[in-house]
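Chain letters run A, B, ... following the sequence lines, proteins first and then strands; every chain starts at 1. For the numbers below, each heavy atom of this structure counts, side chains included, while hydrogens, waters and symmetry mates do not.
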There are 2 protein chains.
Amino acid sequence: MAGSRGKRGGSTLAEVANAAGVSKMTASRVLRNTSGSTEETRDRVMREVRRLGYVPNRIAAAFGSDQISTLVGVCVPRLKSDLFGSVLDSINQTLSNFGYQTMIGTHEQSPEAEEAWLRAILAWRPAGVILSGHTHTRGTIEILRAQSIPVVEVWNLNTSPLDISVGFNHFDCGHEMGRFVLSKGHQNIAYVGAEAGAAGMGKVRQEGFKAALSDSGKDFVTEEVLVDRPNFYAGFYGTENVLNRISKVDAIYYQDDTMAVGGLFYCKSKGLKAAGDVGIAGWGGMEIASVLPERLTTTTVTTQALGKTAAESLVARIRGEPVQDITVAATRLVPGNTV
Amino acid sequence: MAGSRGKRGGSTLAEVANAAGVSKMTASRVLRNTSGSTEETRDRVMREVRRLGYVPNRIAAAFGSDQISTLVGVCVPRLKSDLFGSVLDSINQTLSNFGYQTMIGTHEQSPEAEEAWLRAILAWRPAGVILSGHTHTRGTIEILRAQSIPVVEVWNLNTSPLDISVGFNHFDCGHEMGRFVLSKGHQNIAYVGAEAGAAGMGKVRQEGFKAALSDSGKDFVTEEVLVDRPNFYAGFYGTENVLNRISKVDAIYYQDDTMAVGGLFYCKSKGLKAAGDVGIAGWGGMEIASVLPERLTTTTVTTQALGKTAAESLVARIRGEPVQDITVAATRLVPGNTV
DNA sequence: AGAATAAATGTTACCGGTAACTCAACTCAT
DNA sequence: ATGAGTTGAGTTACCGGTAACATTTATTCT
């Protein structure tokens with residue numbers, strides 16, 4: 001494909017300008033809608049743009065001007081997840097509306113993976129980054145400081161954020177649910193979660209719940225954290241383990257709704273009734289709950305709003321507009337009838 | 001933050017080279033491991049790289065050399081989806097291993113949205129793109145031709161692809177399931193789907209199933225395609241509609257497993273037994289099926305393999321290595337006991 | 001009408017890397 | 001010891017836009 005230094009596909013701005021009989025600069029101005037241009041000049045340039053199929057080269061633009069690129073890096077734990085998927089979708093939508101491109105990465109709850117991703121992404125001189133890890137390596141923090149690049153930490157609420165934090169108060173979610181479950185008279189409460197690799201925010205909700213138990217002089221009668229990703233099967237299996245180990249368990253707090261639904265199915269398979277025999281509480285407000293015969297007791301979370309706010313905050317910071325450093329995204333305990 | 005043309009964070013290659021007492025070019029070569037350099041030169045450069053916290057500027061690199069960038073654009077219908085999430089995850093992993101960065105976009109089954117995304121992405125001169133739309137606008141096709149950029153179409157199998165196609169044979173999935181459902185003696189079969197905007201590949205599976213019915217001189221007794229995204233509730237609601245309309249329906253083919261599960265729950269709520277009263281067949285092999293008391297009759301699909309193959313094929317094409325133009329990703333009908 | 005002002009367009013230099021080429025130093029065979 | 005071959009390092013030009021400044025053309029005002 002062309003010689004060593006030949007260009008690939010499209011034509012250049014110079015070619016467009018030449019064909020339109022104007023200078024490169026004029027063509028550039030027309031394309032960016034900066035300052036006034038004559039109706040006629042504008043038309044001439046645009047005609048050639050269409051005729052030649054000119055595609056602007058943002059790499060050259062980002063490079064040539066000091067103007068920061070329109071790339072934004074977003075790193076989430078994983079993509080195969082309703083909740084993170086929803087957040088990412090929302091972030092991407094919003095950024096896209098503001099003219100930014102999203103570059104993704106996944107860290108699977110590994111701070112080192114997050115750092116590796118960050119190093120690779122920074123080479124593209126992004127306008128900003130959105131992180132979702134709850135802990136960062138020393139390296140990550142140093143790099144971000146050195147580059148003085150806008151950063152939004154999402155998902156978990158960080159009260160002393162690197163820059164901006166938009167997240168749920170996981171501790172409070174757990175604490176509130178703990179009080180609720182206790183208020184329903186449950187005595188022997190267990191926790192079932194799943195963490196592959198480093199702990200995510202489920203751990204914090206667990207601690208919040210534990211604090212509520214502690215306020216009543218109690219504690220979890222047992223805790224089961226599988227080495228797995230939170231999914232239906234982990235919930236099913238974790239529940240089996242817990243109930244086999246300590247039969248008096250009369251309520252279980254799950255890391256999230258998928259696991260809670262798994263647990264619910266386990267109970268059903270054993271003829272145990274939710275709430276009556278075993279209270280079941282989840283987190284996340286996932287969709288499946290809406291068609292279960294039971295209304296799952298859970299905490300619904302506003303993933304869309306979270307993503308939107310995160311993206312908007314980042315854009316505002318990039319543009320130098322005033323931004324709220326810490327935003328708590330809404331969560332709401334939905335009683336249901338499984339507790 | 002510095003004057004009009006001042007640079008933001010890090011130092012430049014020239015600064016590193018200067019500090020190390022070598023030329024820019026030598027430093028560049030050391031960093032890229034090209035040709036030999038003395039152990040000593042290498043050390044001197046790397047020491048300065050670390051000391052100055054130098055982050056290479058890929059924008060400048062991509063711009064300066066004719067070498068195509070390491071960006072790859074990937075456009076999926078939506079991010080909040082287990083199946084697409086899994087594909088995207090797999091694509092991203094694989095590309096990342098090969099040193100590529102993934103830039104995402106969503107099209108929500110709108111060919112126009114796909115084209116708009118493509119135009120924006122091409123401005124970054126990506127090394128290649130991965131599309132998942134089953135139809136493309138004329139504009140999309142023209143642009144891709146003009147840019148002569150590697151393209152992989154995923155998800156649906158395109159027998160005359162723009163470039164490379166890696167996908168499932170949705171028609172065959174439907175056809176196979178149709179034959180299976182018929183073989184179980186069901187007579188009055190309905191279809192329940194959901195399409196927000198343009199039709200996705202569910203439509204093709206529906207046609208495959210229809211063809212199987214046609215082979216036996218039959219047709220769907222009714223078809224219900226809601227204007228919604230495929231989810232549990234749409235399955236629940238669609239089933240209600242279908243059964244209320246035509247009570248003799250004794251089997252339903254669903255657009256996917258989430259909808260089938262929704263339908264299953266509707267049936268349960270009405271005291272109808274799956275298989276016995278109403279046969280239920282889904283598609284996708286989604287996780288929830290694994291904890292249902294029933295084993296859902298469905299077609300499992302290899303999303304991970306699909307993503308991996310798509311990414312690998314794209315990389316091979318980018319590198320000019322031989323590639324298989326069309327790859328059929330595996331699907332398997334899992335009988336279960338709901339039909 | 002001619003000067004003052006505003007608007008549209010042109011010129012020049014540069015962003016930070018890398019390809020292609022040139023040059024210097026060192027190795028080795030005759 | 002001398003010339004050919006090899007290897008490490010330096011020079012130069014350039015990628016395709018855009019900021020800053022210079023210049024021309026159109027408009028307004030006295």
Distance in angstrom units between R44(A) CZ and dA8(C) C1', rounded: 12 Å
Given dT18(D), dT9(C), dC15(D), the nucleotide with the shortest approach to the side chain of F63(B): dC15(D)
Phosphate-side-chain proximity, T38(B) and dA9(D), N/O vs OP1/OP2 below 4.0 Å: yes
Interatomic distance where CH2 belongs to W124(A) and C1' belongs to dG17(C) [whole Å]: 12 Å
Gap between atoms CD and P, on E39(A) and dT9(C) respectively (whole Å): 11 Å
Nearest heavy-atom neighbours spanning S86(B) and K80(A): CB-CD, 3.9 Å
Inter-residue atom distance S132(B).OG - L306(B).CG, 0.5 Å rounding: 10.0 Å
R32(A), nearest nucleotide to its side chain (from dG16(D), dG17(C), dA19(D)): dA19(D)
Donor-acceptor pair (no angle test) under 3.5 Å: K24(B) side chain, dG16(C) base: no
For atom CG of L31(A) and atom P of dT18(D), their distance in whole Å: 8 Å
5′-ward residue of the pair A60(B)/S23(B) relative to DNA chain D: S23(B)
Gap between atoms CE and C1', on M25(B) and dC14(D) respectively (whole Å): 13 Å
Closest non-hydrogen atom pair, S69(B) against A127(B): O-CB, 3.1 Å
T26(A) side chain near dT9(C) phosphate (N/O to OP1/OP2, under 4.0 Å): no
Considering all heavy atoms, the nearest P126(A)-G73(A) contact: CB-N, 4.3 Å
Short side-chain N/O contact from Y54(B) to OP1 or OP2 of dG16(C), under 4.0 Å: no
Whole-Å distance separating the CG atom of L13(A) from the P atom of dG10(C): 12 Å
Below 4.0 Å: OP1/OP2 of dT18(C) and any side-chain N or O of S28(B): yes
Phosphate contact (dG17(D) OP1 or OP2) by T12(A) side-chain N/O below 4.0 Å: no
Rounded distance in Å - CG (D43(B)) to P (dA9(D)): 12 Å
Between P of dT18(C) and CZ of R29(B), the distance in whole Å: 11 Å
Contact summary for Q147(B) and G53(A), nearest pair of heavy atoms: NE2-O, 4.5 Å
